[in-house]
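All values below were derived from every heavy atom in this structure, side-chain atoms included, with hydrogens, water molecules and symmetry-related copies excluded.
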Amino acid sequence: MNVTERILARASGRKRVEPGDVVVAGVDKAMVHDVSGPGVIKVFERLREQGIDTGRLWDPSRVWIAEDHFVPSAEKASAENIVKLQDFAEKYGVGRHFKYGMGQYGICHTLSHEEAMVMPGEVYVGGDSHTNTTGALGAFACGLGHTDVAYVLLHGRIWFKVPPTALFVLRGAPPAHVMAKDLILRILGDIGTDGAAYGAMQFAGDGVYGMPVEERLTLTNMTTEAGAKNGIIEPDRRVFDYIGERAGAGAARAAEAGAAYGDGDASYESTREYDAAELEPMVASPFSPDNVGPARDSSSVELDKAYIGSCTGAKMHDLEAAARVLKGRTVKVRTEVLPAAMSIYRRAVESGLVGIFAAAGAVVGPPTCGACCGAHMGVLAKGEVCVSTTNRNFPGRMGHPESRTYLASPQVAAASAVTGRITDPRDLD
Amino acid sequence: MRPFRRASGPAVPLVRADVDTDQIIPKQFLKLVQRSGFGRYLFYNWRYLPDGSPDPEFVLNDPAYAGSPILLAGENFGCGSSREHAVWALRDHGFTAVAAPSFADIFYSNCFKNGVLPVRVTKGQAAALRAAPRTEIDLGELTVSAPPLPPFRFAVDPHRRRALLEGLDEVALTLEEHGAAISEFESRAPPRGRPPSSRLSS
């Protein structure tokens with residue numbers, strides 16, 4: 001069995017599972033946010049009408065809540081959803097609720113690793129499609145619709161069809177200015193937005209294990225853009241240390257003890273190998289994350305805006321990469337930087353990154369999904385063109401249906417902010 | 001959930017691949033949490049002109065398809081965000097069946113929970129349905145008929161088929177099939193879920 005199969009077998013009490021098997025798996029952690037939470041509350045109401053008891057959650061200590069899509073509330077409906085979440089958390093005694101304006105909060109997927117909410121080997125589900133992100137810690141992590149999340153909250157288990165796994169192997173260390181984002185964009189270009197539909201995407205090779213955990217999270221995050229059920233990387237010492245730094249030595253030991261791995265003879269539906277030396281800075285052009293090419297081929301694209309934010313592109317490592325490019329330079333287009341969680345925001349202040357961004361002329365905003373999903377905080381007008389460290393560029397994703405978004409790494413976004421057109425960071429010097 | 005047995009009407013052709021859930025129901029409507037009333041926002045950005053009037057060029061506004069319960073979509077339909085509002089909007093508009101060459105995973109699953117049948121067809125079958133004046137999808141018989149085409153069969157998981165036919169969502173289906181066993185199990189008051197590996201500190 002490979003690692004995805006191993007975790008699902010363990011969680012369903014089976015010795016062995018194979019792709020295509022349907023298993024009922026126990027869930028270790030479940031998450032809702034300010035869009036899926038109110039959706040789940042609505043499903044609970046319907047269940048009560050059917051005479052089903054929704055009086056308690058299966059295990060409130062394993063449930064957590066994020067406020068991310070519509071905070072800070074720009075209008076009444078968003079504000080009311082936050083109040084609903086708060087009432088829900090209080091009524092059910094939910095373990096952790098990360099509240100906007102009260103210390104740590106941020107994008108749910110970022111909190112999942114920043115706060116070590118999920119451990120290697122666990123089954124983790126969330127009411128958001130990018131829940132796949134957390135697979136970089138070695139968990140089986142996937143997104144569910146509201147009804148399925150409601151079911152999990154009540155019963156602590158859910159059925160899965162064991163996905164076939166496609167393995168992506170990176171050989172060697174990427175050259176300077178090439179980031180994990182460039183690799184995942186390249187992969188998306190190769191396999192397409194339904195290239196892994198119903199499947200698992202696993203990343204391996206010395207190139208992947210040479211990456212810091214935060215870069216690996218970019219890979220698993222965008223498995224969603226290939227339609228994958230989950231993205232996963234078998235955990236190594238770096239993951240245990242990462243968890244230890246956030247949750248203490250006990251958590252690091254527990255992470256190591258609970259970690260799951262594939263067998264030596266694990267089988268994969270397909271294997272693709274990439275030579276890191278051949279990678280280069282990429283962009284995905286409108287209107288699909290698989291519409292991918294080298295950044296240099298788009299250097300004639302004039303921009304109105306640069307956006308450095310989201311669970312994919314505003315982790316500490318991402319901000320550091322952007323700051324290295326922006327240091328001592330000035331932006332030529334409107335540029336926003338939105339750290340993905342308050343803990344990152346604090347570190348960015350303390351380490352001087354915020355000063356670098358501000359000196360370059362960029363705005364540093366509060367952690368939020370913001371304009372990544374076109375919600376608020378700098379959405380695009382008709383005809384505007386944006387380079388963005390986010391993960392989707394479908395029509396209207398970041399604002400007006402006739403705006404255009406180019407997906408790119410933090411380095412490409414920062415270099416492009418400086419020149420006002422799509423720019424390969426290697427061409428800045 | 002209302003039972004679903006068959007849907008018939010002219011299949012409304014939405015000839016685009018990779019239609020994501022934000023096209024089905026744009027993000028600004030996610031703040032609304034009632035499960036009904038989303039129909040008017042379905043395909044909002046394509047359906048209305050800037051002045052708010054219906055765009056006559058968009059297929060949903062074509063009187064020839066008015067009231068049809070069948071949507072004929074392109075590949076990878078429902079990709080992107082997991083928002084269940086997308087299915088709520090389709091159902092509220094009156095669609096009870098969506099045929100497409102492929103669906104995104106979470107969307108496909110969400111359909112069954114809200115009384116909408118997703119039907120996987122081949123690209124060739126999809127093209128043929130576009131030319132047929134009328135399509136009937138029969139979940140009881142697992143057939144699609146669209147004269148003058150010869151009828152063809154489709155596959156659905158038997159559990160999900162039964163749930164749709166009887167108007168049971170998965171929870172109701174589970175209770176019906178295993179209600180007695182669940183009550184007996186619950187009466188022994190076992191801990192819910194699986195044994196703890198790690199918990200969140202509260």
Going by heavy atoms in the side chains, are A/D128 and A/H69 under 4.5 Å from each other?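 Yes - at least one pair of side-chain heavy atoms lies under 4.5 Å apart.
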
I want to check something: taking the side chain as every heavy atom from C-beta on, are B/I24 and B/W46 in contact at a cut-off of under 4.5 Å?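 The answer is no, as the side chains (C-beta and beyond) never meet within the 4.5 Å cut-off.
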
According to ring pair (Phe, Tyr, Trp, His ring centres under 6.0 Å), who are the partners of A/Y198, at least two apart in sequence or on a separate chain?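 Residues passing ring pair (Phe, Tyr, Trp, His ring centres under 6.0 Å) with A/Y198: none at all.
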
Segment of [X] engaging chain B (4.5 angstrom heavy-atom cut-off):
| X | result |
| --- | --- |
| A/F70 | side chain |
| A/L47 | side chain |
| A/E75 | side chain |
| A/S36 | neither |
| A/L144 | backbone |

Assess the pair B/W88 and A/H146: is the distance between their ring centroids shorter than 6.0 Å?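 When the ring centroids of B/W88 and A/H146 are compared, they turn out to be within the sub-6.0 Å range.
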
More than 12 heavy atoms from other groups under 6.0 Å of CZ on A/R48: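 Check passes, neighbour count above 12.
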
For chain B, which of A/I41, A/D148, A/I52 has the most heavy-atom pairs under 4.5 Å?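 Among A/I41, A/D148, A/I52, the one with the most close pairs to chain B is A/D148.
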
Quick one: which of A/S78, A/G143, A/P395, A/G13 has the most heavy-atom pairs under 4.5 Å with chain B, could you say?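 The candidate making the most pairs under 4.5 Å is A/P395.
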
Under 30°, 30 to 60°, or over 60°: which ring-plane class applies to A/Y92 and A/F44, parallel, tilted or perpendicular?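 Ring orientation of A/Y92 relative to A/F44: perpendicular.
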
Do B/R83 and B/F29 meet the cation-pi criteria used here (NZ or CZ under 6.0 Å from the six-membered ring centre, within 45° of the axis)?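 Cation-pi check for B/R83 and B/F29: fails.
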
Contact origin within [X] toward chain A - heavy atom pairs under 4.5 Å:
| X | answer |
| --- | --- |
| B/S81 | both |
| B/Q23 | side chain |
| B/F103 | both |

Out of B/G80, B/P26, B/S102, B/C79, which one racks up the most heavy-atom pairs below 4.5 Å with chain A?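 It is B/G80.
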
Those residues that, when tested against A/A251, pass side chain to side chain contact (heavy atoms under 4.5 Å, CB included) (two or more places apart):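 Listed in chain order: A/M119, A/I243, A/A247.
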
